[in-house]
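Only a predicted model underlies this, so the values are computations on that prediction, with no experimental measurement involved. Residue numbers start from 1 in every chain, and the chains themselves are labelled A, B, ... in the order their sequence lines are given, proteins ahead of strands.
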Amino acid sequence: MKFSSNVVHKPSFLEFMPVSLFGSVMGLSALCFAWRLAGHAWHVSRLIGEIIGFAAILTFIVLTVSYIVKWICYPLSVENEFKNPVSVGFFQP
Amino acid sequence: MIISILLIPGILLPYAPVIADVLWLLGMILIFLFAWFVLRKWMGSQQLPESAMPVWVLPVTGTLNVPIVGNSLKFAGAHEFCLMFFGFGIIFIIILMTIIISRLFFQAPVAASAQPSLLILVAPFALAFNGYEGLSGVQDIPASAFFYFCLFLLLIFGSKVVLLPKCCPFQVSWWSVSFPLSAVSVACLQYAQKQPDSIHWVLAAVLLSVTTLVILYLLIQTIYQIWSGRFADPIDYTAVH
């Protein structure tokens, strides 16, 4: 939500937004798994892992929507990211 | 984008197993097509030795992500798919690591802004450990070898990343360190479950705390940058406009 409300004021964020930001979803998902394991091991609250997992899914949805909008508004920028032999790797996360 | 589709089923599994299965299958197909496409693309045109960056392990890391969640899925064939993608990934990562390490040895050092991406190299071996243990069900010598090699890489590249905030301003590309750190934490927690001595448990607790703090820091910095509209330029290899 924070993305869409800011995009209106600073439209350049969308153009800038690198596809590597999806790395954050990976990081948050794995952190969710780590906290779930910690919940089994140490009797810390299971809720921590679930909240992080929810944040991961929310981030994924926000980023996907933002990236699709970026693709529509700045197709060249997306094309360049995909054509570059290095940054194309970032489509993977 | 694609690995996310493979990891999110793990979060959803306790709540919506059917959606998890479908998403995981979709992610698996996408990762296969993408790894195939990228590897062919790299071989189809001449690459510069300097562009062999740690990011290059991502397509292969992707295939190693398949068994992570796949091992908990129950439907027929899931196990065989996991074995297949583990096979793709585990052999290819050894080949790619050789190329990237030789680049790090023989070419100019990686630019300061791309230094955090070195930590990406830790992830495949954490995943290899988790995948191997999940598939075999035992913590034997190969499992320990993957685990300790991953810790050793973390020691080598982790020390470089600590110096980073001093040398250049925050960039959203720093998020690339979040997954390797989390993956190592998961590996260590899992290792400690079968090797439950105090050293491994302390190590797991330290790694989990550091990872959580780093991700909190990244989260706050990212939200602040978007809020204030002062985001740094993307790293050189993505900047084309």
Side-chain angles (χ1 to χ4, degrees), chain A residues 2-3 5-7 9-10 12-13 15-42 44 48-50 52-57 59-61 63-64 67 74 76-77 79-81 83-93, chain B residues 1-5 7-8 10-12 14 31 34-35 38 41-42 45 47 51 53 55-59 61-62 65 68 172-173 175-183 185-186 189-190 192-193 201 204-205 207-208 211-212 215 218-219 222-223 226-227 229 231 233-235 237-238 240-241:
Chain A
K2 53 186 186 275
F3 285 91
S5 63
N6 275 280
V7 155
H9 307 293
K10 287 133 185 158
S12 52
F13 179 75
E15 194 176 6
F16 149 80
M17 187 190 137
V19 73
S20 56
L21 257 182
F22 276 95
S24 61
V25 182
M26 288 170 69
L28 287 169
S29 306
L31 192 66
C32 160
F33 302 155
W35 276 101
R36 277 183 183 171
L37 282 170
H40 287 298
W42 296 314
V44 290
I48 303 173
E50 303 313 308
I52 296 168
F54 177 74
I57 294 173
T59 312
F60 179 75
I61 294 169
L63 287 182
T64 306
Y67 206 76
Y74 307 98
L76 266 181
S77 170
E79 211 175 295
N80 283 332
E81 267 187 312
K83 276 184 180 164
N84 183 306
V86 175
S87 65
V88 69
F90 277 123
F91 277 84
Q92 191 80 354
Chain B
M1 199 182 300
I2 303 172
I3 298 177
S4 307
I5 301 176
L7 292 176
I8 285 175
I11 305 170
L12 289 173
I31 216 123
F34 192 82
V38 171
K41 183 186 163 87
W42 284 341
S45 59
Q47 307 297 324
S51 60
M53 293 289 287
V55 184
W56 276 28
V57 300
L58 281 176
T61 310
N65 270 289
I68 299 304
V172 287
S173 63
W175 271 105
S176 56
V177 308
S178 67
F179 180 69
L181 282 176
S182 314
S185 306
V186 171
L189 281 158
Q190 208 155 326
Q193 271 179 354
W201 279 124
L207 279 172
L208 183 62
T211 306
T212 309
I215 288 182
L218 293 171
L219 208 62
T222 309
I223 291 172
I226 294 167
W227 199 256
F231 19 83
D233 281 340
I235 14 176
Y237 47 79
T238 47
V240 236
H241 34 279

K.L.:
If you count heavy-atom pairs under 4.5 Å between each of B:Ser182, B:Ala183, B:Ala204 and chain A, which one has the most?
P.N.:
B:Ser182
K.L.:
Please list all pairs passing the salt bridge (Lys or Arg N to Asp or Glu O under 4.0 Å) test where one or both residues lie in residues 22-35 of chain A, with sequence neighbours left out.
P.N.:
none
K.L.:
Below 4.5 Å from any heavy atom of chain A, which atoms of B:Leu7 appear? Answer side chain, backbone, both or neither.
P.N.:
both
K.L.:
Rounded to the nearest 0.5 Å, how far does CZ of A:Phe33 lie from CD1 of B:Ile11?
P.N.:
5.5 Å
K.L.:
Report which part of B:Ala192 has an atom under 4.5 Å of a heavy atom belonging to chain A: side chain, backbone, both, or neither.
P.N.:
neither
K.L.:
Looking at A:Ser29 and B:Ile8, would you say the former's side chain and the latter's main chain have a donor-acceptor pair under 3.5 Å?
P.N.:
no
K.L.:
Below 4.5 Å from any heavy atom of chain A, which atoms of B:Pro14 appear? Answer side chain, backbone, both or neither.
P.N.:
side chain
K.L.:
Return the CD1 to CZ distance between B:Ile2 and A:Phe22, rounded to the nearest 0.5 Å.
P.N.:
10.5 Å
K.L.:
Please round to the nearest 0.5 Å and tell me the distance separating atom OG1 of B:Thr212 and atom CG of A:Leu31.
P.N.:
4.5 Å
K.L.:
Return the set of residues passing side-chain contact (heavy atoms from CB on, under 4.5 Å) with A:Ala34 (not counting sequence neighbours), or none when no residue passes.
P.N.:
B:Ser185, B:Val186, B:Leu189, B:Leu208
K.L.:
Rounded at 0.5 Å granularity, tell me how far CG in A:Leu28 sits from OG in B:Ser4.
P.N.:
9.5 Å
